Amino acid sequence: MSKTETDATSGADADERELAAGAQLSTAPKEEAPSVASIGVIGWLRWFWRQLTSMRVALILLFLLSLGSIPGSLIPQNSVDELKVQDFKAAHTTLTPIYEKLQLFDVYSSVWFSAIYLLLFISLIGCIVPRTWQFVGQLRSRAPRAPGRLDRMPAYTTWHTEADPEDVRAAGLAMLRKRRFRAHADGDAVAAEKGYLREAGNLLFHVSLIVMLVAFATGTLFKSEGGKLVVEGDGFANHLTQYDDFKSGSFFDTDDLDPFSFSLDRFEGRYAQSGPERGTPRVYKAHVSWTKGTDGTERKAEIEVNRPLEVDGTKVYLIGHGYAPVVTVRDGKGKVSYKGAVPLLPIDSNSTSTGAIKVADGYRDKDGKKEQLGFNAFFVPTFAGEGKGEMFSQFPAPNFPVLALSAYHGSLGIDSGLPQNVYQLDTSKMKKFEDKDGELLKQRLLPGETMKLPNGAGSVTFEKDLKEWASFQVSHQSGNGLALGGAILALSGLVASLFIQRRRVWIRATEGPDGVTVVEMAGLGRSESAKLPEELADLAVTLNATAPTAAEAEPAAEPSEATALDSPESAEDPAESAEEAADHPAEGAEK
Amino acid sequence: MTLAAATNENLANISNVLVYSSMAVYTLAFLAHIAEWVFGSRSKVGRTAAALTGGAAAAPAVQVTAKAKGGTAVLDRPKVVTRSAAGTRDVPDGPGADGGTEQGDIYGRIAVSLTIVGFLVEAGGVVTRAMSVQRAPWGNMYEFSVTFSTVAVGAYLVLLALKKNVRWIGLILVTTVLLDLGVATTWLYTDSDQLVPALDSYWLWIHVSTAIFCGAVFYLGAVGTLLYLFRDSYENKLANGGKPGSFATSVLERLPSAASLDKLSYRINAAVFPLWTFTIIAGAIWAGDAWGRYWGWDPKEVWSFVTWVAYAAYLHARATAGWKGRKAAYLALFAFATWLWNYYGVNIFITGKHSYAGV
Ligand code: HEM
């Protein structure tokens with residue numbers, strides 16, 4: 001091994017320190033043994049803070065976050081599907097109170113889940129701030145001095161040359177600078193460092209996580225989201241009163257609703273006619289006319305499943321579709337008591353639909369007394385045919401529409417003040433209309449057909465003009481742009497952080513005892529990396545051109561153990577065998 | 001129109017035939033790999049044991065690596081001495097499945113050649129399937145599974161082509177590919193057809209293709225991690241003077257050293273992690289288009305998040321004192337398990353907005 005005549009004794013220590021500093025090529029907080037001296041409250045607080053901002057606790061919190069998200073995918077969530085939650089509660093009476101206590105129906109807004117991520121983000125901030133200062137400090141200071149003995153560094157090479165030491169150093173400095181190292185001359189050596197972008201990327205990534213959290217929080221707090229079912233020919237204006245259902249974040253204000261309106265001109269659904277997926281939609285489109293503001297011009301648009309209508313910050317999504325048969329109800333005198341399209345809800349993928357027709361006002365019975373009428377409605381767009389099985393639709397398009405009705409009269413119970421499901425008939429205060437046999441009056445109607453109510457009570461007609469409806473979700477969410485921006489920054493930071501290596505390189509050129517110049521080069525990375533020796537070799541070859549190897553045989557370190565290396569690459573190769581994209585993801589701070 | 005439909009049906013049949021053929025070829029590759037391992041077991045390697053036990057004292061702190069990269073400049077390049085990091089064992093890599101025997105090597109080469117053929121046939125199956133439906137072939141679980149194994153094999157072959165020391169993965173990989181294809185063709189098979197409109201978005205194709213790719217490569221990382229755990233216990237046992245069973249010795253001795261395996265799987269996982277991050281972002285963008293919210297804690301979204309956070313925890317563990325090595329490896333396996341569950345479990349057992357893909 002080539003010796004350099006520098007202070008070898010104190011140098012050894014310094015080298016160990018330098019080696020240990022390999023870990024310091026990152027600004028990761030060092031693990032400190034918690035020394036809980038009796039320093040009172042402040043001491044405890046400081047200890048607690050140190051713990052919270054340590055890598056170990058960050059790791060544990062991350063793992064908890066991962067585990068804590070799981071129950072929300074296995075147990076129905078209020079935020080996703082309230083009906084499912086109701087069903088679950090009805091089916092599991094013992095579990096329900098326990099789950100409710102643990103907030104398992106609202107995992108993602110529960111106290112414990114919030115605690116995990118809030119602690120994580122406090123930890124994150126507590127971690128980023130000092131790391132940023134440390135990093136700024138590193139950027140402003142120069143690369144650390146060359147250690148006393150370069151041959152102790154993870155990668156090392158040396159040769160003898162006739163060139164003057166000063167010239168070698170100058171050439172080395174120029175070469176390193178040209179390769180965008182931060183380099184400076186330092187006594188008999190040149191010190192250089194490169195790859196600061198790694199740390200910058202890592203910090204950027206972690207800061208972007210905070211940006212994304214803020215974006216997500218604003219999105220949740222200010223969002224509004226409502227559903228509206230619109231029958232062909234009808235319209236919707238963006239007022240709170242017009243929604244069928246409406247949810248909003250805590251900070252949402254009704255004035256935030258963007259003023260616009262639209263009407264559904266036509267729903268267009270076309271379905272696969274054959275094949276295993278017969279009946280699945282191929283074209284699924286709502287043709288609408290919409291107006292911005294109160295008196296803007298009317299525009300046409302098509303809303304499809306992945307293509308919402310966008311008005312200012314509000315988006316209108318097509319969510320569902322169904323049929324709304326048009327019925328006319330007449331009283332005993334033939335006077336129209338009710339005429340309208342009644343939206344029915346599909347219950348299967350072929351649009352077998354159910355619902356209720358409610359005649360609340362305008363009907364008088366044969367004695368001229370006010371009464372209410374109710375009909376349970378069952379509709380199939382494509383009927384199988386008389387006597388062919390049940391009343392289930394064979395196909396989602398209206399090829400053979402049939403409406404089946406059963407009739408009641410009495411009180412619909414609407415006036416009780418309780419909210420009522422418009423698709424369900426509450427028959428508790430109603431009497432059946434009876435047929436000749438005294439059974440509930442039921443009839444299947446083709447378009448244009450009429451069902452007569454007994455004893456001159458009137459009639460119901462299934463009009464030929466069958467309408468369709470579409471349901472829309474109208475949502476306003478702020479912070480989307482911020483979230484996307486945060487995500488993109490996070491991604492670029494991550495790539496920089498994982499694929500850039502931070503490393504130091506030193507070149508020392510001194511005059512040996514025989515007057516020949518000894519050149520030594522060493523590299524230090526975050527860990528033994530296959531790329532580092534390769535890069536060092538590259539640099540050495542380049543420098544070798546200006547400082548050619550002296551004729552005499554080089555006294556470089558010889559293989560001290562050849563047996564372990566019968567294939568010269570074996571020691572190094574697997575380290576590199578990442579898949580090709582992994583050009584050089586840096587190692588974790590291995591010491 | 002009918003003519004086009006017939007052609008498509010034809011292509012779909014060709015695709016099926018190709019997938020079945022690839023299974024036949026992979027089965028041959030499987031047998032060849034078995035032969036490789038069997039013949040390889042006849043060599044007396046024993047380098048690991050030598051390095052860790054008797055010879056350990058003589059094991060050098062310094063290894064010399066000739067810079068043979070690039071081939072031409074070998075002689076001009078200066079020798080770079082590398083020192084391995086303090087605290088890691090200095091153990092050479094095993095010779096691979098063939099154990100350094102000539103016969104084993106021949107079978108190994110046959111196995112790799114067959115794997116290449118299997119890969120090409122299977123890839124043909126994916127392409128014809130895509131042509132028959134005239135869309136990207138990732139519309140249901142059958143199509144995912146076939147693409148998934150194709151990509152895993154492809155990634156493995158790329159690593160081999162780059163002269164990486166990964167041939168030892170071959171047997172495990174081919175075995176799982178056969179399992180995957182078996183499950184796909186028997187339980188998950190779906191006739192080729194068009195898609196429901198909700199799946200019709202180019203973000204979806206970006207999202208799904210990267211998701212499949214990530215999973216396939218994460219799988220290679222998980223295999224490395226699992227073998228790392230075995231090999232690490234083996235080395236530990238040797239270093240502590242224990243004597244592992246002869247089967248364990250025969251198999252584990254031929255694997256790369258624990259340090260190499262650990263590093264390999266770290267690199268794979270670290271390299272795919274940003275792509276997985278991108279996959280989730282692409283999915284969120286698509287969800288924003290389709291459902292009006294980019295994130296809604298749908299089961300599929302939840303599990304992607306769980307996987308993402310688990311891999312982030314793994315990367316953190318690697319940078320945390322006391323968590324390197326085995327503990328980090330357990331985290332990596334947990335992370336891959338969540339990926340697998342997201343793929344099979346969530347599709348089959350949990351209904352959410354993602355469950356119209358016709359299993
Ligand atoms: C919000 C949750 C967090 C996530 C998702 C996350 C994710 C990640 C990921 C993926 C990496 C790998 C990138 C790399 O190796 O350079 C990383 C590295 C790192 N993280 Fe985090 N992190 C989080 C919170 C934290 C916290 C709270 C701390 C501080 C205690 C922290 C400190 C670090 C450090 C120091 C590194 C770099 C380790 C190294 O230099 O190898 N992270 N983080």
Side-chain angles (χ1 to χ4, degrees), chain A residues 28 31 55-56 58-59 62-63 65-66 69-70 72-73 77 80 108 154-157 159 275-277 280-281 284 305-306 315 317 473 475 487 491 494-495 498 527-528 533 536-537 540-541 556-557 559-561 564 568-575 577-582 585 588-590, chain B residues 60 62-69 77-85 92-93 155 158-159 162 164-166 191 193-194 196-198 200-201 217 256 260 263-264 267-268 270-271 274 277-278 281 289-290 292 296-297 299 302-303 305-306 309-310 312-313 316-321 323 350:
Chain A
E31 294 296 320
M55 286 298 278
R56 188 181 306 267
L59 169 60
L62 266 175
F63 188 63
L65 184 68
S66 178
S69 325
I70 293 178
S73 77
Q77 296 294 298
V80 179
Y108 305 107
Y156 173 78
T157 186
W159 70 91
E277 291 179 38
T280 48
Y284 205 73
V305 174
N306 282 320
K315 290 186 179 177
Y317 296 87
Q473 178 177 306
S475 51
L491 195 58
L494 190 61
V495 168
L498 286 170
S527 67
E528 347 97 270
L536 192 71
V541 169
S560 39
E561 214 245 0
E569 275 186 67
S570 66
E572 191 190 18
D573 210 32
S577 348
E579 66 107 2
E580 78 282 25
E590 291 179 334
Chain B
V62 174
Q63 290 188 1
V64 177
T65 315
K67 302 305 301 175
K69 284 272 134 58
R77 280 172 97 74
K79 287 195 171 115
V80 172
V81 183
T82 53
R83 244 176 83 148
S84 47
D93 288 334
V158 166
L159 289 180
L162 292 174
K164 308 290 180 193
N165 172 15
V166 289
D191 271 332
D193 207 340
Q194 296 305 310
V196 294
D200 178 21
S201 154
V217 183
S260 301
K263 215 178 261 184
L264 171 72
R267 279 165 191 248
I268 289 179
T277 311
F278 172 77
I281 296 172
D289 281 354
W297 298 109
V302 172
W303 282 94
F305 178 72
V306 171
V309 177
H316 263 230
R318 300 271 315 189
T320 307
W323 274 83
I350 300 182

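Keep in mind the model is a prediction, meaning the values are calculated, not measured. All chains are named by letter (A, B, ...) in the order of the sequence lines, taking the proteins before the strands, and each is independently numbered beginning at 1. In what follows, every heavy atom counts, from backbone to side chain, and hydrogens, waters and symmetry copies are set aside.
At a 4.5 Å heavy-atom cutoff, the contact between F278(B) and chain A is made by backbone and side-chain atoms alike.
Residues S69(A) and V309(B) are not in side-chain contact: their nearest non-hydrogen atoms beyond the backbone lie 4.5 Å or more apart.
Nearest approach of P274(B) to V495(A), heavy atoms of both residues: CB-CG2, 4.0 Å. Closest of all the heavy-atom pairs between I281(B) and A487(A) is CD1-CB, 3.5 Å. The two atoms that bring L59(A) and A313(B) nearest to each other are CD1-O, 3.1 Å, heavy atoms only.
Partners of Y108(A) according to the ring pair (Phe, Tyr, Trp, His ring centres under 6.0 Å) rule, which considers only residues two or more places apart in sequence or in another chain, are F113(A), W297(B). Partners of S475(A) by side-chain hydrogen bond (donor to acceptor under 3.5 Å, both in side chains), not counting sequence neighbours: none found.
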Test side chain to side chain contact (heavy atoms under 4.5 Å, CB included) applied to W303(B) and I70(A), step by step: CA-CA 7 Å; W303(B) 282 94; I70(A) 293 178; 3.5 Å; yes
